[in-house]
Structures are given as structure tokens and as C-alpha cells.
Amino acid sequence: MDKTYQPHAIENKHYERWEREGRFKPQGGTDPFCIVIPPPNVTGTLHMGHAFQDTIMDTLIRFHRMRGNNTLWQHGTDHAGIATQMVVERQLNAAGTSRRELGREAFVDKVWEWKAQSGGRINDQLRRMGASVDWSRERFTMDEGLSAAVREVFVRLYEEGLIYRGKRLVNWDPVLHTALSDLEVLSEDESGHLWHFRYPVEGTDQHLVVATTRPETMLGDTAVAVHPDDARYAALVGKQVRLPIVDRLIPIVADDYVDPEFGTGCVKITPAHDFNDYEIGQRHDLPMINVLTPDAKITDDMPKAFAGLDRFDARKAIVAQFDTLGLLDKTEPHSLKVPRGDRSGAVVEPYLTDQWYVRIEPLAKPAIEAVESGRIRFVPENWSKTYFDWMYNIQDWCISRQLWWGHRIPAWYDEAGSVYVGRDEQAVRDTHGLGPEVTLHQDEDVLDTWFSSALWPFSTLGWPDATPELKVFYPTSVLVTGFDIIFFWVARMIMFGLKFAGDVPFREVYIHGLIRDQDGQKMSKSKGNVLDPLDLIDGIDLQSLVDKRTTGLMQPHLAPRIEKATRRQFPEGIAEFGTDALRFTFASLATTGRDIRFDLGRIEGYRNFCNKLWNASRFVLSTTEQYDATAHCEHDESVAGRWIRARTHQMITTVARQLGRYRLDLASQAIYEFAWHEFCDWYLELSKATLYDDDASDATKRATQRTLVETLETLLRVLHPFMPFISEEIWQRVGPRAGLSGASICDISWPEDGNPDPQAEADMTWLQALVLGVRQIRGEMDIAPGKALPMLLQHASDSDRTRLTRYQRLLMRMANLESIEVLDAAADLPPCATALHGELKIGVPMAGLIDVDKEIERLTKQLKKSQADLAKTQGKLTNASFVERAPAQVVETEKARAQEHQQTIDQIQSQLSVLTELN
RNA sequence: GGGCGAUUAGCUCAGGGGUAGAGCGCCACGUUGACAUCGUGGAGGUCGGUGGUUCGAAACCACCAUCGCCCACCA
């Protein structure tokens, strides 16, 4: 083995072999465990969020596989309608052509090409992460099977009246030319203006002043509304105003929606371009006048001065016109929510179009009930509140998109415009008796990407066929995902799963946080703060990192700033940390629900941890070369052996328990603590006392070797779900030495729990206390570690004496002692530096070693601490109500504590007086 | 406007009614035969603020402050 851990030397070969040997397939058995992967965009690349999520899932999957569950990690990718279409369109534009020039069929071919070309990338990156998905079952949302499931669901919903088509106001993206669901619209505060326009009241010389943020829509106004109780305008309700510019008479209506306090208390009503106005229009039976083209330009039906103008130019022109007419009352600055498409960033228009909708309420009801009843559990629990809030107020889902890439809506129209929904054209013809003479054309629209995603847990398992996989693995065990897609995806899977697969899609939903940069900022290309998981694994030099972050920016002028920040933060570039260190970092940061600041210090620490494991293994392997697991070997009954076994079992139990509650941070912490601070710091050192002892019997040595090998082998198993590569690499060597056959650690099951060993643990605590006492003196007195010291003990109890006889050799080695001498209580201790363990006094003679002043200083510090502790304790004990009301046991503990502190103080004081006399 | 979360050591974060924890960083000493990606020792916090509940609060409750996120139609 190399002297230093080299991740690149070990990682890839193991993955290749695991995959080749089919180790990620369900292994059978009665107890299924299944996770469906949140399907990444098929043409996307792995980012930190994926890497984090995949680490969590892979850890859970590997853990359950080792525990003997029939384990499936269902993999697949998503066609990501808008996102993918946009990427390909951009490529076409760069090549000087366009989607429209190509035409639908050729364009879709292009997208398939792009998918073929780039679709493997995300999978290769998953492999680098060590993700043990079942590659043989990989699916794609546009596969024939999944597409059939989509059509099936659509048709069934339609037949039940849960899908309908209608002309309504939708969120229209004038850049992408498609409808969007409410979820795809993000509203942000932006500063704008509130314009006050005067509308002349017909038949009077009065004006009504309306306030608006959207002057250009006045062309489509069909009413002015006031509050019914607003005394100012009560007399005018029922009259009409003459709409300026277009010279149209529109009514003044009264509606509760109007807030009399806001603006002037008069609202212009444009039912075709505002969601609220739409509803008011419905209530008052107002006409709807569309004034915008799909590009959000003013239509040709409008007055010539404005026709063809972009909406923002039209806005200026309208305001100017009002000004000219003397009808602009005033202009105020105003901050408002501007709705923008989440993909295009374009300001979205409420726009009147024909779209397909899912009637969602009947689906939502059982989905709410499923979470309320606990059939689905959110982890952490508080996310269920977010879920409920949304579900209780859920709106019908607009599922049609005016895109070309996606599942085409299975609806056909005849020449008269009648619509027929069916699984395919032939089915439609058969069902409705439409002969070949009837021309049918299929709906041009495709479905929202999330429609197919909503079927993912059952469509990937073969639905609508009653496949064995569906029977075994549905409902799946847990969904691991981010809070940002609870509405987009989680809620819809629950609704559709209950409706079509007959049960909840998963039992638990584990919601993890977002990976942010070291300053808590969201990682984004435009901020130039993105970390690529693969760069953390393989390392990257500074120049390449800078190049990566500054090329292809939407706002190239930010490049210098990004470069500067990058050079400052990574002056040496990024070192190679390896997949295992990255995974362990993610695991250790995976506290429930909280966002994560990714800290390079952490990953470096866990890389070092890998190195520690590596070298501990080198030690174990080199000291057990003669060990033969197949030969008869005594069980190791030494205190060190018993202790490390008990600690091992404790650790196994903790890790399993914490994984069971998705606390990967606590699980990984337990492993780290055990491996480094118990196994390496103590056990390996203790084992040397036996292994390097010429007087130790071969049997004793063999027993120690056995413990070394078995403990390490067990540790590797527990480590494997977190660090699959290094655990496999080392296991290849250690497994056989432990007498285990099997080609891979993947063949080995999760280790059994064991029993605690209070006696061995108590003895070890004693031993450690004595060692630490001497080390502390050594450390604070600056005595070289190599210098062997004499040790004096006083006030030794019988049990101290027994332990001393038993563990003398260990003690001498661990504390590097040259001698141990037990003095009578009455004996005079020579000038010493001292430490205490209960009543037992540990002394290191000062002659030539220890500075009296320094020791006085050291003891004084300890004295102060003990005195402070005593004061605190006594404060409690002198408080009558504490003694009276606190549980007896607590009072007893406190009393004992006071006594101990007093004892310590007495001893230190007497020692101090001895030392002071010396001076 | 509603909701959720955060505030603990210099940094990143655990914890949780009974004497404050980890990793990293820092200081000192050290190349002892697994490991300097290391070892040993040490320093460092009145747990955001104010009240309340309690024998006891960093933890529970209320309010406040700061930061973050989500939802919502105020023109």
C-alpha cells in the first residue's frame, strides 16, 4: 500500500467492477427497500445539490442492501421540457438557424440528437459519485413505456372529467410563447410607478381617477370598479365613463374586491389582462377585450398610434397620450410584484388562451389525508405544514405547454373542431366511429414536464402493467428531495400515486437543505461561485477554475470580479479530495432540513480522515501478516480487546439508529469519533504494548491480531455506505485476512450488534485517566514525549492496586513511564508535579524536569477551576428549595460532586503548600 | 399580510431542563518503528436580547432584534 491515501488510484476500478458484476440489482428477499431517484435533466450535469442528494440516497441504499433488504435504487432521467428545448434552441440560434425554420419534426429530432450526445454525461458523473443505482432499470420520461403511462393517465383523467380544456387567463410567457403553471412564475419586488388617470364620467363634467401600474392595458378596460360602501362614488355606480383614447363607454360597477383605502378607491378593470379583473369581469358579466399579441405587443385592432408597439413602449405612449389629453392626474413611484417566467426571466402576461387543466381538488383531498393520517411522513415533520398550506389552497393545474419537446397531448380534433381524447389516433377513431374520411389532427401542445414526473414512482416500475416490480417495490420506502420541489413534484406524485397506483408513492419524504457557498450564497453561474463536485473529487488548478467560472457568462462584465474572488478564495486551486471525502463531508453536513454552507475546511478534514484510515489499515495489515484466521485462535480477553469490541458495537448501534432517522451527520460523526479517537488513538497504541512486547506469548499476540483485524474489518463495513471506495479497497486486503471469502465488501452484511462491557469500559476509563494525567503534566511542563518518566502513586485504593497490577505494562507504554511506584498514604511524596484521579494522586518527581513556579501556576489554575465548580455546586445545595424540590437523585449527585471538589481542592492546596516551601 | 427557519468557540455546525460539544483554525512541544493529510498538551463561549415558567433555562413559553426562505390578487 502507498504510504499516503491516493483517491484516484482506487476509486474508478471498483465502480466498474461493481457495475459489471451486477451488484446494484435487487438481491431478492422478503423485505423490500426502494428509492426512486429524482430524475435529473437528461442533458444536464451534476451539481452540488445532486451530489449531496445522491450521497444521501446511496448511503441509505447501501446500508439497506447490507442489512439484507431487497434493495432497488430506481434510476432514470427527465426530458425537462422547457429547459432542454431552450438549450437546443440556443444552439440553433448560435448556428444561425431557429426552431421555427427547422419545423417541429426536425427540431424534435435535433433534441433527440442532443440527448444522445450529452445524455451519458450525468450518468458518468453519478458513477463517479459511487451511486449504486440499478443501471439495468434505467428509464427516461420520454421512453415508450413511460409515455404510454402518461397517455393512460391523461385519458383516464379525461374520461373521469378531471381533465378539461378551456379558454381562460393563463400565465403567458411572451418570450417562450407558452403557458406556464402558477409554480413556474416567480414574483419579485421591483420598482415601478403608479399612474393616476382621469376617466370622464359620461353625461357629467366629473372625472373618476383610477390608479394603475399597467397603463397599456387600459385599451382593454371594460369597467371601472369602486367599493359598494364607498360613499364618495355611491352616486356614480351604474353610470358610465368614456374611456379615453379608445372612446368607448364602460360601466362603473361596485365590487367588494376594491380596497377604498388604496389609491383613489377606483380600479380600472381589464378582464383579459389581469387575474383579479378577470374574476370581477365574471361577476359583472363584462366583455373581455384582448389587446396583446402572443409577443406581448399591442394588437392591430387597437388604435393605430399604439398597434404593434411592445407593451413597455405602449406604456410610455399611453401615459404620454393621457398627459397630452390633460388626463394624467399624477405619477407616483410604486414598488410592485412583477411576475417573471422561471426559465426565460420574461415578464409573464395574464393571457386569454385555450389550455388543458387538471381539476385538482378531487385529487388533492386523498393526498392531504395521506399525510394527515401519517401514511406519508415528512422528515423533518414541519415540512408537512408547507405541504398542507399549499394543498388546502390548490388551484387547477394548467398542464398544456406550447412547446415541441415533450409528451404530445393525446387529443385529436376533427375539421369542425370537436375534440377526441384517446390513447392514440386509432383508438379515437374506433371509439368514436370516425372513418378514414374524417381528417383528424392531434393537439399541437405538449404536457408540462411535471406531468410525467408525477407518475415517476409507478411508471418506472412498469405501470400500467401489473409488473412484479410494481408489486414488490411500490409504495417505495423514502423519497429524498429538496424543499423547492415539494409543490412541483412531491405533492403531485402523492396525488397521482394514490389515484392510479392505489397507494401512496412513498412512506417517507426526507427533505434536505440546499448547498450554498461558504458565504451562504446560493451557487449560481452568474455569481461565479459554483463548485463542481468533480473538481472537489479530482482537484483543479486555479487557472482552469477561473476559466470555468468566467466563460459563458450571461453578463460577461462580471468576469473580472468573479476572477478576483476566485483567486482570493482558492489561491492554490482546489486539491484532489476524492469521492469518499466529498461524500463523507456531505453526510456530516446533512442535518435535517437545514441549508448547508459548503466549507472546504471540512472536506479537507475528511480527506485527512481517509488518510488516517488508510494508514491505520497499513498498520493492521503489517502487524498481522502472520495471522491466520483459519487457525484456531483464542478470543481476545484482554481489557483493550474487550473495550474496543464494546466500543465497536456501541458505534454500530449508533450508526444504524441514526441512519434510521436520517441523521447522517450523527451517524458519520459516530464513525469518525470511533475510528480516529478510539480505534486509532487508543486501541492501536494499546495493541503495540502487546505486539512489540517480547515477553508476550504467541497466543496473546494472536488474540490481539485477531482483534485488530476484526475491528478494522467491522469498521470498514460500517463505513462502506458512506465511503464505498476506500472501504472496498482496504477490505480487499483485510477481508481475507479476517477469514472472509467474497469478492467484494458488497457481499458482506452489516455487522451484528453486540453487548456492552461495563467492566472493561470502567477499567479503560481508569487507565485513560492515569495516562492523561501524566500527559498533561508532560505537555504543560514541556517535557519531551520521548523522555520516559517515573510515576508515583499515592492513596491507591484496592481496586487501583488491582488495576495497576493488571495494566502496568499498558500504562507504562501509553504514558511512556520508566517506573511506577505506589507509596503509602503516610509516606512523604518527594517534590512532584501532580495530577488527581478521584482520591488517587499521581506524581511525577520534579528533579531536573519540572519548574516549581510553573507547577505552582498550573496547580493554581486547577485550584481556581475546582473552587469555581465547588461554589456553583454549593450554591445549589444551600438553596433550600433546590434540596426540597429537586429529585433526590439530583441532590445526591450534587452532594457527591461537592465532596469531590472539596477533596480536590484540599489536595491541590496541600500540594501547593509543599511547593511553596520549596521555593 | 401570512407561514417557516436561523442566531451556541475566530470559522462551519451538532446538542438540548441538572457543571457547554465536534471539526477546522490558533498557541506550545514533538520527526517514538501506521499516519506531519500526523502525535501530545493548551487557549478560546455569561449559547442574539428582554421578560416569564421552574428548585434549576443555553434548552420550554411570550415578546423583541437581526438574517434567510416560502406563500399571497391590493390596482
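When reading the values below, keep in mind they use all heavy atoms of this one structure, side chains included, and skip hydrogens, waters and symmetry mates. Naming convention: chains lettered A, B, ... in sequence-line order (proteins, then strands); numbering from 1 in each chain.
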Report summary line: note: A:Glu188, atom CD; B:C70, atom P; distance rounded to Å ~ 8 Å

**Report entry** Distance, rounded to the nearest Å, where A:Arg594 contributes CZ and B:C13 contributes P
**Finding:** 6 Å

Query raised in the report: Between B:G16 and B:C24, how far is it from one C1' atom to the other, in whole Å?
Result: 24 Å

Query raised in the report: In whole angstrom, what separates A:Glu604's CD from B:C38's C1'?
Result: 13 Å

Report task. Verify side-chain contact (heavy atoms from CB on, under 4.5 Å) between A:Arg737 and A:Val620, making sure each step is shown before the conclusion. Result -> CA-CA 10 Å; A:Arg737 194 156 297 177; A:Val620 171; over 6 Å; no

Report summary line: Regarding the side chain of A:Arg663, the nearest nucleotide among B:G15, B:U37, B:A34 is B:G15

Query raised in the report: Whole-Å distance between B:C13 P and A:Phe586 CZ?
Result: 14 Å

Report summary line: In Watson-Crick or G-U wobble terms, with both distances under 3.5 Å, the base opposite B:U66 is B:A6

Report task. Using only side-chain N and O atoms of A:Lys3, determine if any of them is under 4.0 Å from OP1 or OP2 of B:C35. Result -> yes

Report summary line: Any strand, both distances under 3.5 Å, Watson-Crick or G-U wobble: B:G1 pairs with B:C71

**Report entry** B:C4 versus B:G10 - spacing of their C1' atoms, nearest Å
**Finding:** 30 Å

Query raised in the report: Does B:G23 have a Watson-Crick or wobble partner in any strand here, with both distances under 3.5 angstrom, and which is it?
Result: B:C11

Query raised in the report: Any side-chain N or O of A:Trp676 under 4.0 Å from OP1/OP2 of B:G39?
Result: yes

**Report entry** Rounded interatomic separation in angstrom, taking OH from A:Tyr672 and C1' from B:C13
**Finding:** 14 Å

Report summary line: Considering only heavy side-chain atoms of A:Val258, the closest of B:A75, B:A14, B:C55 is B:A75

Query raised in the report: Distance-only, no hydrogens or angles: does the A:Glu576 side chain make a donor-acceptor pair with backbone N or O of A:His8 under 3.5 Å?
Result: yes

Query raised in the report: Can you tell me how far P of B:G68 sits from CG of A:Asp189, to the nearest Å?
Result: 14 Å

Report task. Quote, to the nearest angstrom, the C1' distance that separates B:G44 from B:G49. Result -> 23 Å

Query raised in the report: Touch check for A:Cys610, heavy atoms < 4.0 angstrom, all strands: base, sugar-phosphate only, or nothing?
Result: nothing

Query raised in the report: Any side-chain N or O of A:Lys612 under 4.0 Å from OP1/OP2 of B:G39?
Result: yes

Query - Lys/Arg N to Asp/Glu carboxylate O, A:Glu729 vs A:Arg733, below 4.0 Å - result: yes

Report task. Could you work out which one of B:C71, B:A34, B:C13 sits closest to the side chain of A:Phe487? Result -> B:C71

Query raised in the report: Do NZ/NE/NH1/NH2 and the carboxylate oxygens of A:Lys854 and A:Glu857 come within less than 4.0 Å?
Result: no

Requested in this report: In plain terms, say whether A:Arg809 and A:Asp693 are close enough for a salt bridge, that is, a side-chain N and a carboxylate O under 4.0 Å apart.
Outcome: yes

Query raised in the report: Between B:G42 and A:Gln776, is there an OP1 or OP2 to side-chain N/O distance shorter than 4.0 Å?
Result: yes

Query raised in the report: Between B:C38 and A:Asn608, is there an OP1 or OP2 to side-chain N/O distance shorter than 4.0 Å?
Result: yes

Query raised in the report: In the structure shown, which nucleotide is the Watson-Crick or G-U wobble counterpart of B:A58, with both distances under 3.5 Å?
Result: none

Query raised in the report: Heavy atoms under 4.0 Å, any strand shown: does A:Ile777 hit a base, just sugar-phosphate, or nothing?
Result: nothing

Requested in this report: State whether A:Thr591 places a side-chain N or O below 4.0 Å from either non-bridging phosphate oxygen (OP1 or OP2) of B:A14.
Outcome: yes

Query raised in the report: Considering heavy-atom distances to RNA chain B, does A:Asn615 or A:Arg775 have its closest nucleotide positioned more toward the 5' end?
Result: A:Asn615

**Report entry** Whole-Å gap separating P (B:C69) and OH (A:Tyr387)
**Finding:** 26 Å

Report task. Once you apply the 3.5 Å cut-off to both distances, tell me the Watson-Crick or G-U wobble partner of B:G39, or none. Result -> B:C29

**Report entry** Distance test, side-chain N/O of A:Lys787 to OP1/OP2 of B:G30, below 4.0 Å
**Finding:** no

Report task. Verify ring-ring contact (aromatic ring centres under 6.0 Å, His included) between A:Tyr351 and A:Trp172, making sure each step is shown before the conclusion. Result -> CA-CA 6 Å; A:Tyr351 198 57; A:Trp172 181 260; 5.4 Å; yes

**Report entry** N or O in side chain of A:Tyr692 less than 4.0 angstrom from B:A34 OP1/OP2
**Finding:** yes

Query raised in the report: Does A:His677 put a side-chain nitrogen or oxygen below 4.0 Å from OP1 or OP2 of B:A22?
Result: no

Query raised in the report: So, is A:Arg602 close to the B:C13 phosphate, meaning a side-chain N or O under 4.0 Å from OP1 or OP2?
Result: no

Requested in this report: Measure from NZ or CZ of A:Lys612 to the centre of the six-membered ring of A:Phe679 and say whether it is under 6.0 Å with the direction within 45° of the ring axis.
Outcome: no

Requested in this report: Under 4.0 Å between any heavy atoms, over every strand shown, what does A:His273 touch: base, sugar-phosphate, or nothing? Just pick one.
Outcome: nothing

Query - Protein-nucleotide distance (A:Arg778, atom CZ; B:G41, atom P), rounded to Å - result: 11 Å

Report summary line: Answer for the Watson-Crick or wobble partner of B:U53, both distances under 3.5 Å, is none

